[in-house]
Amino acid sequence: MNYWLLKTEPEVFSLDDLKAAGREHWDGVRNYQARNFIRDEMKVGDGVLIYHSRTQPIGIVGEARVASEPYPDPTQFNADEKYYDPKSPADNPRWFVVDIEYVDHFPKVLPLADLKQTPGLEKMVLTQKGSRLSVQPVRPDEWTIVQRLAGRADKA
DNA sequence: GCCAACGTTGGC
DNA sequence: GCCAACGTTGGC
């Protein structure tokens with residue numbers, strides 16, 4: 001079992017939106033490194049941290065889990081979609097999604113500024129300067145620290 | 001809203 | 001295949 005962190009702008013799609021939907025495909029990833037994690041490594045049941053960017057405060061807001069095998073991102077084939085990619089062949093799709101299932105909100109947001117100060121998270125992709133990766137692997141020890149910070153000893 | 005960091009595109 | 005120009009991300 002692997003752990004991941006997914007970034008989203010809550011103005012576009014928030015953890016509240018995921019809660020309301022229960023389950024949703026995580027579309028619009030248009031970065032090859034992120035694509036490779038989704039397509040090649042994500043498995044049903046993997047743990048997911050949801051991170052809100054470009055808001056106040058920015059930080060990890062809760063938890064979800066991977067709920068499907070990877071499959072081609074339907075938005076890449078639709079010319080009406082923001083994420084339409086005319087260069088993606090239907091017989092060899094360029095972009096992939098997985099379904100993400102809501103688990104819960106953390107009791108409080110874990111702000112990025114705090115995570116950067118937390119011992120053990122120095123190597124976390126999220127805390128690296130200039131890291132824009134929207135789909136990030138999280139190490140098990142980092143997952144444990146984050147759960148503990150969130151006040152959830154049961155999951156840590 | 002600014003702009004540094006980063007990724008992608010395309011002319012050559 | 002280099003790299004300048006351009007576009008995007010996302011903290012601040």
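Below, chains carry the letters A, B, ... as their sequence lines are ordered, and counting in each starts from 1.
- For A/D85 and B/dT8, the CG to P distance is 12 Å, given to the nearest whole Å.
- Atoms OH (A/Y83) and P (B/dT8) sit 15 Å apart, rounded to a whole Å.
- Atom NE2 of A/H52 and atom P of C/dG11 are 12 Å apart (whole Å).
- Mapping A/K87 and A/N31 onto DNA chain B by nearest heavy atom places A/N31 at the nucleotide closer to the 5' end.
- When the options A/I50, A/T55, A/T8 are evaluated for a side-chain contact (heavy atoms from CB on, under 4.5 Å) with A/V61, the one that passes is A/I50.
- The structure places CZ of A/F13 at 14.0 Å from CD of A/E11, a figure rounded to the nearest 0.5 Å.
- Using a 4.0 Å cut-off, no side-chain N or O of A/K7 falls inside it from OP1 or OP2 of C/dT9.
- In this structure, A/R132 places its CZ atom 6 Å from C1' of B/dG7, rounding to the nearest Å.
- Rounded to an integer number of Å, the gap from A/Q128 CD to B/dC6 P is 11 Å.
- If you check the side chains of A/Y71 and A/D99, you find a donor sitting under 3.5 Å from an acceptor.
- Interatomic distance, CD of A/Q136 versus CZ of A/F37, reported as 8.5 Å (0.5 Å rounding).
- If you measure from atom CD of A/Q33 to atom C1' of C/dT9, you get 14 Å, rounded to the nearest angstrom.
- In this structure, A/L133 atom CG and B/dG7 atom P are separated by 8 Å, rounded to whole Å.
- Distance A/Y32 OH to B/dT8 P: 7 Å, rounded to the nearest Å.
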